[in-house]
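Heads up: the structure comes next, in structure tokens.
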Amino acid sequence: DSEGLPWVAISDMSNRDVVCHTTKRVTPKGMLDKRLRTLPKGSVLYSMYASVGFTSILGVTAVTNQAILGL
């Protein structure tokens with residue numbers, strides 16, 4: 001959904017210091033159904049599964065998948 005909130009996956013973080021764009025988005029209904037937490041711009045992202053150790057900063061308000069820790 002082009003109207004949804006950016007949904008960050010590890011591939012969106014790869015080789016990027018700041019994540020401003022994502023390949024996928026999540027709808028408000030999807031956020032409610034899965035109880036996803038919104039992270040504010042400026043949050044630090046850390047990949048903790050599969051590709052461990054990637055770090056980035058969020059350049060936009062977004063949601064992450066389960067493989068990413070947002071601080």
Side-chain angles (χ1 to χ4, degrees):
D1 184 318
S2 62
E3 300 296 318
L5 201 61
W7 185 71
V8 182
I10 293 173
S11 60
D12 297 312
M13 296 172 55
S14 301
N15 302 314
R16 291 192 187 124
D17 292 332
V18 179
V19 176
C20 292
H21 303 283
T22 61
T23 55
K24 296 182 179 180
R25 300 176 83 77
V26 64
T27 64
K29 181 180 180 338
M31 288 182 62
L32 286 173
D33 288 349
K34 299 300 179 185
R35 293 191 246 171
L36 299 174
R37 181 173 58 112
T38 303
L39 295 171
K41 178 180 177 178
S43 296
V44 175
L45 303 177
Y46 180 81
S47 64
M48 55 186 188
Y49 301 124
S51 300
V52 176
F54 283 109
T55 59
S56 294
I57 303 292
L58 264 181
V60 294
T61 298
V63 185
T64 66
N65 71 16
Q66 70 280 3
I68 300 169
L69 173 64
L71 305 168

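Computation of the quantities below employed the complete heavy-atom set of this structure, encompassing side-chain atoms and omitting hydrogens, waters and symmetry-equivalent molecules. If you're wondering where the values come from, they're calculated on a predicted model, not measured in any experiment.
When side chains are defined from C-beta on, Leu39 does not count as touching Val63, because their heavy atoms never get closer than 4.5 Å. Side-chain contact between Leu5 and Leu36 is absent, with no heavy-atom pair separated by less than 4.5 Å.
Minimum heavy-atom separation, Gln66 to Met48: O-CE, 3.6 Å. Here the closest heavy-atom approach between residue Val8 and residue Met13 is recorded as CG1-CG, 4.0 Å. Gly59 approaches Cys20 most closely through the heavy-atom pair CA-SG, 3.9 Å. For the residue pair Ile10 and Ser51, the shortest heavy atom distance occurs at CG2-CB, 3.9 Å. Nearest heavy-atom pair, Trp7 versus Asp12, reported as atom, atom and distance to 0.1 Å: O-OD2, 3.5 Å. Residue Gly70 comes nearest to Leu45 through the heavy atom pair CA-CD2, 4.2 Å, listed as atom of the first residue, atom of the second, then distance.
Taking CD of Glu3 as the start and OG1 of Thr27 as the end, the distance is 11.5 Å to the nearest 0.5 Å. Here CD1 of Ile57 is found 9.5 Å from CG of Leu71. Values are rounded to the nearest 0.5 Å.
Atom CG of Asp17 has 12 or fewer neighbouring heavy atoms from other residues, nucleotides or ligands inside a 6.0 Å radius.
Transitive grouping of hydrophobic side chains (ILVMFWY, heavy atoms separated by less than 4.5 Å) keeps Ile68 and Val26 in distinct clusters. The hydrophobic cluster containing Tyr49 also contains Tyr46, counting ILVMFWY residues as joined when their side-chain heavy atoms lie under 4.5 angstrom apart, directly or transitively.
In terms of modelled atom types and a separation under 3.5 Å, the side chain of Ser56 and the main chain of Arg16 share a donor-acceptor contact.
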